[in-house]
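What follows is a short report on a single structure.
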Amino acid sequence: MYRKYIGILVIVVLICLIGIGVSEGCTAKNKLKDGDIPGIDTRNHSGKDASGEGMPGEDDDYIVVGFSQIGSESDWRNASTESFKNLFTPENGYYLLYEDAQQKQENQLKAVRNFILQEVDYIILDPIVETGWDTVLMEAKDAGIPVILVDRQIVVEDKALPETAVVGEDKEKDAVSEDNNLYTCWVGSDFAEEGRQAGKWLEDYLAERGRQDEEIQIVTLQGTPDSSAQIGRTNGFREIFDAHDNWNMLDYGNGEFTQAKGQEVMEGFLSDYKDIDVVISENDNMTFGAVEAIGAAGRSCGPEGDIIIISFDAVRAALEFMKDGRINADFECNPLLGPMVSEIIGKLEAGESVEKIQHVEEQYFDASMDLDKILKERVY
Ligand code: GYE
């Protein structure tokens, strides 16, 4: 459970004395004071989280969890954050250290290193992109802290052996041959399947309208490059796309999963291509921007409009857009991962093993459905 925080102070002082740079910890090099290391109150050995409450004392029986979140770029992301914050509470036996990386991998690396320094019991990481994690995850492994990945996945790069972790010969071999040991498990969505489902939906939709042999012009608004959600959705849709000679991909553009960027990229598409039949938008917030751009360009979209809009996430606001006739179909991505992660931690605490890869169940919505009823029951 809660480890000895007094040890943290000693480690920090030692590290800083010998002048080794440990990201943010080093700001405390000469003068340790409250707040130098996020989450640690160096005066009384009890840290603070974002809410400002003191961390548990040594006798408290909390499970201390560090969560490195990507940012707050979308409705989906905010629902994800809430799912963790609502569940990982002292009432539920947890003490949560929450870090928002503001869309920067370097901030996530710092956060994870600070969690290691603080000897948390578990690290939860939603990795912004798939690569670049080997070293920091090896450090967590060496510290004996289980890492639970959520939402996006990582790719372990064999050649990138950790430079800073203390690795003996055996551990080195271990790191190369058993990549997956760098994290305990992963919980999230099957993004490629979401993309495939979107492609199949388009196939059926066009066929139902007798348009299966028509030339279909498509543009894609992509999410953060190299993120699992972008890679999976792009590739999954592409599999179905490749089976249709009459489907043409006019362009791909990076909308960064945000409304503002989605709108900007869509404006560019609309001025570059006069004939667009379908927009594949890899998340709802980019879709909101795209719909705005389409309206501003004097074009229309949705079931009664001239551009078919296919989106991902299926957050409440998007289903409202669908109800208003501006989105055709939306492929759900469930952000409510907190309860699953808590269940995993419960099993690990009990010494049980957990499944390495755990997918969440998802569905899709389209404008032909009873959206009033769906919206009444929608929790995010
Ligand atoms: O689709 C998007 C968010 O990784 C599944 O990230 C997540 C994606 C989600 O910004 O809205």
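When a ligand or atom number is given, it counts from 1 through the structure's own listing order. Reckoned from all heavy atoms, side chains included, excluding hydrogens, waters and symmetry mates.
- Residue-level proximity to ligand 1 for Phe191 is carried by the side chain, the only part with a heavy atom below 4.0 angstrom.
- A side-chain donor-acceptor contact under 3.5 Å links Asp100 to the backbone of Gln102.
- Of the candidates Gln230, Arg152, Glu194, it is Arg152 that places a heavy atom closest to atom 4 (O) of ligand 1.
- Near Ser74, meaning under 4.0 Å from one of its heavy atoms, ligand 1 places the atoms 2 (C), 3 (C), 10 (O), 11 (O).
- Ligand 1 has a nitrogen or oxygen under 3.5 angstrom from a nitrogen or oxygen of Arg77.
- In this structure, the ring of Phe321 has its center less than 6.0 angstrom from the ring center of Phe288.
- Among the atoms of Trp76, none of the N or O lies under 3.5 angstrom from an N or O of ligand 1.
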Evaluate the salt bridge (charged side-chain N to carboxylate O under 4.0 Å, His left out) criterion for residues Arg238 and Asp242: first the C-alpha distance (whole Å), next the side-chain angles of each, then the deciding distance (0.1 Å), finally the verdict. CA-CA 6 Å; Arg238 188 86 208 182; Asp242 284 342; 3.3 Å; yes
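- Close contacts between ligand 1 and Phe257 involve ligand atoms 2 (C), 10 (O) [criterion: under 4.0 Å to a heavy atom].
- Side-chain contact between Leu96 and Tyr94 is absent, with no heavy-atom pair separated by less than 4.5 Å.
- Contact check on Asp277 versus Arg211 returns a salt bridge, with a Lys/Arg side-chain nitrogen under 4.0 Å from an Asp/Glu carboxylate oxygen.
- With salt bridges taken as basic N to acidic carboxylate O contacts below 4.0 Å, one links Arg233 and Glu194.
- Within the 4.0 Å heavy-atom criterion, the part of Arg233 lying near ligand 1 is the side chain and not the backbone.
- Per-residue contacts place Glu73 under 4.0 angstrom from the following atoms of ligand 1 (heavy atoms of the residue considered): 3 (C), 6 (O), 10 (O).
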